[in-house]
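Quick note: numbers below take in every heavy atom, side chains included, and nothing from hydrogens, waters or symmetry partners. Sequence lines set the chain letters: A, B, ... in the order given, protein chains first and strands last, and positions in each chain run from 1.
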Amino acid sequence: MTAPTPADRAIALRRQLDDANYRYHVLDEPNIPDAEYDRLLRELDELEAANPDLITPDSPTQRVGNAPSARFAEVRHAIPMLSLGNAFTQEDPAPGEDPYQEVRDFVRRIAEKLKRPHLFFSVEPKLDGLAISLRYEDGVFVQGATRGDGATGEDVTANLRTIKAIPMRLRGKGWPRVLEVRGEVYMPLAAFRAYNERALKDGGKVLANPRNGAAGSLRQLDPRMTAQRPLAFYAYAVGLVEGGELPETHSRTLARLRDWGFPVSAENRVVDGVEGLLDYYRDIGARRDTLPFDIDGVVYKLDDYEGQREMGFVSRAPRWAIAHKFPAQEQMTVLESIEVNVGRTGAVTPWALMQPVQVGGVTVTRATLHNADQIARLDVRNGDTVIVRRAGDVIPEVVRVVLERRPPGTRPWSMPTHCPVCGSEVVREEGEAIWRCSGELTCAAQRKEAIGHFASRRAMDIEGLGERYVEVLSDLGYVTSVADLYRLSVEHLLEMKRRADERDGTTPETVKAGKVATKWADNLIEAIDRSRNTTLERFLFALGIQHVGESTAKALALWFGDLELIRRMPWPLFKRVPDIGGEVARSLGHFFDQPGNQQVIDDLLARGVTIGDAHPPHPKLREDLGVASLLVDLEIPKVTRVRADQLAAAFPRVDALVDAPAHQFISAGLPSESANALAAWLEVPEHAALLARGGQVVEHLLSITPEGDTGPAGPLEGKTVVLTGGLAAMSRDEAGAKLEALGAKVAGSVSKKTSLVVAGEAAGSKLAKAQELGIEIWDEAQLLAFLAKHA
DNA sequence: AGCCCTCGAGTTCT
DNA sequence: CTCGAGGGCT
C-alpha cells in the first residue's frame with residue numbers, strides 16, 4: 001500500500017466535508033463535531049495552498065469567499081421566477097362573512113376547471129427571506145442568481161458558495177444534465193439573534209430583521225462578508241431542466257431534490273382540498289412563534305404538474321399556486337403625536353398615538369415609547385412614518401422610523417418641562433432614565449393612579465372600583481385621598497353618577513335605569529366595606545410607597561408584624577430585613593415622615609380598616625440586631641462595620657453615644673479620622689435624633705422579638721419555586737400560596753438558583769429556560785399530588 | 001467594580 | 001412581558 005497522493009487526499013477530504021454539510025444542513029443529523037469539520041477544512045485548505053492545481057470550483061474551501069467583485073453581473077433566468085398571487089385572511093369578518101373566502105375562491109377556480117373529485121396540494125411555509133435560483137451543470141453548482149424582477153436577477157454565485165446548506169455538487173444520481181433549483185435564502189432566528197448580540201458587543205452593525213439580514217448579506221460585494229453571516233437555504237421549486245426528467249408531482253420533485261442534497265423544509269405536506277389547506281394554515285399559524293425561522297404565510301401549490309399545466313397563468317402569476325399570508329406582525333403607519341402619561345410614582349412615560357393599523361390581527365393605535373432615551377435612540381418625531389411590531393409578546397412597539405418618509409420641518413421630540421396634568425416641574429434623578437412629575441399628591445394624575453392602585457385586586461381588592469370610576473370620583477372631588485373611599489355612601493355615588501352624566505353629556509338615566517344605578521352603588525359600597533378587613537401586607541402594598549411592591553410589603557409584614565411598629569420605624573432599621581437596602585429603607589422612611597401620609601393611615605384606621613394579622617417580629621430579626629448594626633445602617637461616613645463594633649462595645653446604650661464628644665470615640669478605639677467624622681455627623685440635630693430614636697427602637701424590638709424557634713420546617717424549606725403557564729385546578733396565586741405554606745419561596749423568574757419549576761398549560765420561555773438549566777420540572781398533576789400528600 | 005438575581009413599574013387590547 | 005434598577009455576593 002502506498003501513501004495517498006495529495007490529489008487522493010483532497011478528494012477524500014472534499015467527500016467528507018460535503019457529507020458533513022449534507023448531514024448538518026439537510027438531514028439535520030450532524031455526524032462530526034464542528035471542530036472536526038474545521039480541522040478537515042483547514043487540512044484541505046493547506047493541501048490546496050501547497051498544490052494550487054488541485055483546487056476545483058466546487059471545493060468546500062471555495063465557499064470561504066474570494067476577492068470582492070466590483071458589481072454584480074446580470075443573469076437572465078431561462079425560465080422566469082414567478083411571483084405568487086396572495087390570499088389574505090379577512091381580519092374583522094362581518095357576521096356571516098367567511099374570513100377564508102380568498103382561499104376558497106382559489107380552490108373553486110381550480111375545481112371548476114379540472115373537474116376532479118379530489119384536489120391534492122403541496123403546502124409549505126413561506127419563508128421570509130430572499131428567493132434565489134441555483135444552476136447545476138453535470139451536477140456541479142455553476143451559477144446562482146437573485147430573483148430580481150423575475151426575468152433578470154443578479155449573479156451572486158460567489159456569495160451563495162459561502163452558504164453551507166447549498167450543495168456545491170449534487171449527491172446521488174439521476175439528476176438532469178442542467179438543473180435550476182429555486183429556493184429561499186434565509187437567516188435562522190437563533191443565528192440572527194446571536195449575530196446581533198455579537199454585533200452589539202463588538203460595536204458592529206446590527207441587522208434590522210432576519211429578512212434584511214439575508215437580503216443584505218447576499219448583496220455584499222465581498223463574499224468574505226457573506227461568509228460571516230449565518231445564512232441557510234430551503235429549496236422549493238425547479239426551473240429549467242435539460243437532459244433529464246422530473247417526477248410528475250411537485251411533492252415527489254421535492255423528495256428528489258432532497259436526495260440530491262438540497263435542504264427541503266420539514267414542514268412541507270400534501271393535503272386534500274380546501275379544508276386540508278386551512279387546517280395546515282391554522283396549524284402553522286399556531287406554531288409560528290416557535291418555528292426556528294420567520295415566515296409570512298404558507299404557500300399552496302397544486303401538486304401534480306399535469307393539473308398545473310392545465311391551469312396555466314394569469315399575467316405572471318400561476319393560477320395553480322397561491323401564497324396565503326398571515327396577518328402581518330409588522331406594519332407601517334403614521335405616528336400622529338407623541339403623548340405622555342403620568343404614572344403612580346410620577347413617572348412621565350411617552351407613548352405614540354398612531355393612525356390605526358392591523359398588526360397581528362388586532363387594531364393598534366398606541367404603543368409605549370418607554371422613556372426619553374428610547375425616543376432619542378429611535379429618533380421618532382411627530383408625523384413620522386413608523387414600523388410597529390406586535391410579536392409573540394403581544395404588546396405593540398415602535399421598531400423604527402422610516403426616515404425616507406419623514407415630512408419636512410420636523411424637530412426632535414423633547415420631554416415636556418412641566419407635568420401636563422398639574423404643571424409641576426418634570427425632573428430626572430442623576431443617571432436615571434425616567435423623568436418624574438415632582439407634584440406628588442398635588443398632581444391629579446398621581447392621585448388617581450394612587451387610588452386605583454389602592455383599590456386594585458392585589459392591594460385592597462375593592463371589586464368594581466375600576467379605572468373609570470376612580471377617574472370620576474377623583475375628578476369630581478369625591479375622593480382626594482384613599483381614606484375618602486371609606487366615607488362614601490350610596491347617595492354620594494348616585495350624586496356623582498348624575499354629575500358625571502351631566503358633565504359628559506350622557507342622557508340622564510330613566511327611572512328604570514335608575515334602579516340599576518342604585519344596584520351598582522349598593523354593590524360598590526359593599527365591596528368597599530368588604531375591603532376594610534385586610535392583611536398587613538396588602539395594606540402596606542396598597543399605600544403605594546415607592547420601591548415597595550408586593551414582595552417587599554410581604555417581607556415587611558413578616559419581619560415586623562405590626563403596622564404601628566412599622567409606621568414609626570427609624571428608616572435605617574428597615575435594612576434589617578433581607579432584600580431591603582438603603583434605597584428602599586430611605587423610601588419607606590420618607591413616606592412615613594410625611595405628616596400627610598400618617599394622617600391618611602390614621603383616617604383609614606379610624607374609618608374601620610382593620611389589619612387582621614398583627615404578630616410579634618420574626619425571630620430572625622434578633623440576628624445582628626443591635627447598636628453596631630444600627631450604626632452601620634445609618635451610613636455614617638467613615639464608620640465601617642469594624643468601627644461600629646468598637647463603638648457598640650464602648651457604648652452599650654445609645655443615649656451616651658449621642659452626646660459624647662469626639663475624644664470618647666478615640667478612647668473607644670476609633671482612629672481620629674473616623675471619630676471626627678462621627679462627631680461632625682452628630683452635629684446635625686436630625687442625625688442625633690435619628691440615632692437616639694434608633695437606639696430606643698432597637699431596645700424595644702429586642703424586648704418583643706421572640707427567641708429562635710421559627711416553627712416546623714416545611715417540606716419545601718429552602719427551595720425556590722417558579723410557577724409558569726396556566727393551571728386548571730387553581731390559579732397561580734393560589735398554588736403559590738400553598739407552596740409558600742410548605743416553606744417554599746415562590747419567585748417570578750427562572751435562574752440557576754431555582755430549585756423547581758411548575759409548568760402548566762402553554763408554558764413559554766420560563767419552561768424553556770428551566771430545561772436549558774436542567775432544573776427539575778413538574779406538571780400540574782405532580783404539583784397536585786405533592787400538595788395532596790403534604791396538605 | 002462587576003455580575004447575577006429579583007423586584008417594581010408601566011403597558012395593550014378584547 | 002420587558003426594561004431599569006436595587007440588593008447582595010465575589
Side-chain angles (χ1 to χ4, degrees), chain A residues 91-92 289 327 329 339-354 356-375 377 388-399 428-437 445-446 448-450 452-453 456 458-459 466-467 537 540-556 574-588 632-633 635 641 720-722 724-725 732 745-755 762-769 773 775:
Chain A
E91 288 182 13
D92 298 308
D289 290 337
Q329 287 183 326
E339 309 283 335
V340 297
N341 203 8
V342 181
R344 171 169 68 82
T345 62
V348 179
T349 325
W351 52 276
L353 178 64
M354 298 166 297
V357 266
Q358 292 281 316
V359 190
V362 300
T363 311
V364 170
T365 52
R366 38 172 78 190
T368 178
L369 293 166
H370 292 118
N371 55 48
D373 294 350
Q374 170 81 354
I375 294 184
R377 254 196 307 278
V388 193
R389 176 168 54 200
R390 189 174 163 277
D393 55 346
V394 182
I395 294 173
E397 57 172 348
V398 173
V399 186
R428 166 152 81 167
E429 293 272 314
E430 186 91 18
E432 294 225 326
I434 293 169
W435 290 80
R436 294 196 142 84
C437 158
Q446 292 190 52
K448 247 181 251 182
E449 297 288 334
H453 171 77
S456 69
R458 313 189 73 96
E467 205 175 311
E537 58 179 274
L540 288 170
F541 175 55
L543 290 175
I545 304 164
Q546 234 185 90
H547 298 127
V548 180
E550 271 188 293
S551 168
T552 307
K554 184 184 254 176
L556 286 166
F574 286 121
K575 289 202 266 179
R576 293 292 89 214
V577 178
D579 295 333
I580 293 184
E583 205 64 33
V584 178
R586 239 186 292 271
S587 169
L588 281 157
V632 173
D633 291 344
E635 298 173 17
R641 180 77 218 192
T720 304
V721 183
V722 173
T724 181
R732 268 209 301 263
K745 182 169 157 30
V746 178
S749 57
V750 177
S751 72
K752 51 187 175 186
K753 285 189 185 167
T754 310
S755 350
S765 61
K766 286 177 201 173
L767 173 60
K769 181 145 190 210
L773 294 171
I775 290 164

Could you pull out all residues at least two apart from A:Arg377 that satisfy salt bridge (charged side-chain N to carboxylate O under 4.0 Å, His left out)? none

Under the salt bridge (charged side-chain N to carboxylate O under 4.0 Å, His left out) test, which residues partner A:Asp579, sequence neighbours left out? none

Rounded distance (Å) that lies between atom [atom2] of [N] and atom [atom1] of [X]:
X: A:Trp351; N: C:dC3; atom1: CH2; atom2: C1'; answer: 20 Å
X: A:Ile580; N: B:dT6; atom1: CD1; atom2: P; answer: 17 Å
X: A:Arg366; N: B:dG10; atom1: CZ; atom2: C1'; answer: 13 Å
X: A:Asp633; N: C:dG8; atom1: CG; atom2: C1'; answer: 14 Å
X: A:Leu353; N: B:dT11; atom1: CG; atom2: P; answer: 15 Å
X: A:Ile434; N: C:dA5; atom1: CD1; atom2: C1'; answer: 9 Å
X: A:Arg641; N: C:dC9; atom1: CZ; atom2: C1'; answer: 17 Å
X: A:Ile375; N: B:dG10; atom1: CD1; atom2: P; answer: 16 Å

[X] side chain: which of [options] is closest?
X: A:Glu583; options: B:dT11, B:dC4, C:dG7; result: C:dG7
X: A:Thr349; options: C:dA5, B:dC13, B:dG10; result: B:dG10
X: A:Arg377; options: C:dG4, B:dC5, B:dT14; result: C:dG4
X: A:Thr363; options: C:dA5, B:dC4, B:dT14; result: B:dT14

Out of curiosity, A:Ile775 CD1 to A:Lys752 NZ, how far, rounded to the nearest 0.5 Å? 10.5 Å

Who passes side-chain hydrogen bond (donor to acceptor under 3.5 Å, both in side chains) against A:Arg586, sequence neighbours left out? A:Glu635

With sequence neighbours left out, write down each residue that passes side-chain hydrogen bond (donor to acceptor under 3.5 Å, both in side chains) with A:Asp633, or none if nothing qualifies. A:Arg576

Just to confirm, is there a sub-4.0 Å distance from OP1 or OP2 of B:dT11 to any side-chain nitrogen or oxygen of A:Asn341? yes

Show each protein N/O and nucleotides 7-9 of chain B N/O combination with a separation under 3.5 Å, one pair to a line.
from	atom 1	to	atom 2	distance (Å)
B:dC7	OP1	A:Ser551	OG	3.4
B:dC7	OP1	A:Lys745	NZ	3.4
B:dG8	OP1	A:Gly549	N	2.7
B:dG8	OP1	A:Thr552	N	3.1
B:dG8	OP1	A:Thr552	OG1	2.4
B:dG8	OP2	A:Ser551	N	3.2
B:dA9	OP1	A:His547	N	3.1
B:dA9	OP2	A:Arg344	NH2	2.8

Quick check on side chain to side chain donor-acceptor pair (under 3.5 Å): which of A:His453, A:Gln546, A:Arg436 does A:Thr345 satisfy it with? A:Arg436

Would you mind telling me which residue lines up with the more 5' stretch of DNA chain B, A:Val364 or A:Gly343, judged by nearest nucleotide? A:Gly343

Across all chains, not counting sequence neighbours, the ring pair (Phe, Tyr, Trp, His ring centres under 6.0 Å) partners of A:His547 are none

